[in-house]
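First listed ligand is number 1; within each ligand, the first listed atom is number 1.
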Amino acid sequence: MASTVVSLSSIVLLCTITAVQGRKTLHHLNNEWLTSYSVINDIDGICKTMVETQGYTCEEHQVTTEDGYILSLQRIPVGRSSNNTDKPPVLLQHGIFCDALTWLVNSPDESLGFILADNGYDVWLANTRGTKYSNRHISLDPDDMAYWDWSWDELASYDLPAFVQYVYNHTGQRIHYAGHSLGTLMALASFCQGQVVNMLRSAALLSPIAHMNQITSLLTKIAADAFLANDIYWLGLREFVPNGDVAAKFAKDLCHILNFDCSNLMSLFAGPNCCINSSTIDVFLDHEPPPTATKNLVHLSQMIRTGTIAQYDYGNQEQNMQHYGQPLPPLYDMTGILNEFPLFISYGGQDTLSDVKDVQVLLNDLKDHDWNKLVVLLNEDYAHVDFVMGVNANQMIYDPMMDFFKVN
Ligand SMILES: *[C@@H]1O[C@H](CO)[C@@H](O)[C@H](O)[C@H]1NC(C)=O
Ligand SMILES: *[C@@H]1O[C@H](CO)[C@@H](O)[C@H](O)[C@H]1NC(C)=O
Ligand SMILES: *[C@@H]1O[C@H](CO)[C@@H](O)[C@H](O)[C@H]1NC(C)=O
């Protein structure tokens, strides 16, 4: 499977990489990695295959963004025991190379999607553009280059507002938000421009991605450099399929050049996850990792190089002028986030992508935030993927997160 692939992905998140770790027998990047696993059930979708099978009610929804992408959401309106009438909605936003499955792969007692439903929340799971269940557009087809002409700028300015507005319209209530990895960057970028916060009660950011130039994953840094050095080539591909040939070759070349043992790519890219059950990885392996736009990866690589949080850099003044009316891409200013907006930020001491130093830069950006509206939780043992797939994340992260939701 692809997994390997993923690697490249390197740049960020790694749902997929997780998968790699699970296949301990694979010590080489070979064709086996390229075999697509059959998808759980392509036609039936996430509700039928991942939620109803656990005995929960589930609804499929869709919303169209202002730029025409047709996105899916799943809703778990009731839990197994809770049947309170006043259910606060909560929207869960996955990271790159992931989709709503992120929140459902462990047992119901361990997976955030189910835990929130069982604790009386009205749970909504988002799937961003380009992922398997959000791959339609009003006029474009995923085979069109133009379909893939986006980076996380568009996830922040179109996808997130569409999800939030839809849930807000549907429930008539302000929403709690929880994002992982790229799902935190989307939120921060949106919040600092004053978008969507009026429809939210609070936000929980797990493994926050904001500043990225101090990441401690050497392999990720090198992958980002390699990516930028050839951005013209990569951009010509537009769609980055984590289990495609090109991705696998890229990962293979990197490992070869660096003479790294790439049998545990997840640790090399995302840090050593302490607490992931290998059976979780099997569930994940049943599902093909969703692709992303190569422009999105180039954008993230730019952040790793510069440490700034800025819009996509077209690489020359004329094109930036054309898009932004200024020679350099506009910055996202984190100090623009409303000081009284309730934020819960949780990060891991072993996370090499959302690394401690970069998170501290973000926290410094937020130093004027109302002290009683900012909860910061460091888990020394956690790496990137533990936050969404760790078997003890319920106690370590989700319980304190729900305590925070309750008072906000
Ligand atoms: C929850 O309560 C409502 C009305 O009080 C009832 O109609 C519904 O069947 C209950 N659902 C569950 C899962 O118990
Ligand atoms: C939300 O409701 C407003 C007002 O009725 C409507 O204009 C808008 O299109 C709706 N948006 C979504 C995403 O449902
Ligand atoms: C790991 O997964 C297996 C299979 O689902 C389960 O039986 C076991 O209890 C899990 N371990 C933990 C610590 O959750």
Exercise. Give a yes or no answer on whether the side chain of R201 reaches the backbone of R174 with a donor-acceptor pair at less than 3.5 Å.
Key: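 It does hold such a pair.
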
Quiz prompt | Ring geometry between H299 and W152 (parallel below 30°, tilted from 30 to 60°, perpendicular above 60°) | solution =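 Judged by the thresholds at 30° and 60°, the geometry between W152 and H299 is parallel.
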
Quiz item: Taking the inter-plane angle between the rings of Y166 and W124 on a 0 to 90° scale, is it parallel (under 30°), tilted (30 to 60°) or perpendicular (over 60°)?
Solution: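 Answer is perpendicular, since the angle exceeds 60°.
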
Quiz item: Which of these, L160, L182, I96, sits in a side-chain contact (heavy atoms from CB on, under 4.5 Å) with L155?
Solution: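 One option only clears the test, and that one is L182.
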
Quiz prompt | D153 and K295 ion-paired at < 4.0 Å | solution =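 K295 and D153: not salt-bridged.
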
Quiz prompt | V63: numbered ligand 2 atoms lying under 4.0 Å from its heavy atoms | solution =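 Taking each heavy atom of V63 in turn, ligand 2 has 13 (C) under 4.0 Å.
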
Self-check item: Sequence neighbours excluded, every pair satisfying side-chain hydrogen bond (donor to acceptor under 3.5 Å, both in side chains) that has a member inside residues 365-379
Solution: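 Pairs touching residues 365-379 that pass the test: H211-D365.
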
Quiz item: Based purely on interatomic distance, does N169 place a nitrogen or oxygen under 3.5 Å from a nitrogen or oxygen of ligand 2?
Solution: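 Yes.
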
Exercise. Give me the one residue out of Q74, H94, K132 that meets side chain to side chain donor-acceptor pair (under 3.5 Å) with N127.
Key: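 Running side chain to side chain donor-acceptor pair (under 3.5 Å) over Q74, H94, K132 with N127 returns exactly one hit, Q74.
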
Check ligand 3 against the protein and report each N/O to N/O distance under 3.5 Å, formatted as atom name, atom name, distance.
| from | atom 1 | to | atom 2 | distance (Å) |
| --- | --- | --- | --- | --- |
| ligand 3 | 2 (O) | N277 | ND2 | 2.3 |
| ligand 3 | 2 (O) | S279 | OG | 2.8 |
| ligand 3 | 11 (N) | N277 | ND2 | 2.9 |
| ligand 3 | 14 (O) | E110 | OE2 | 2.6 |

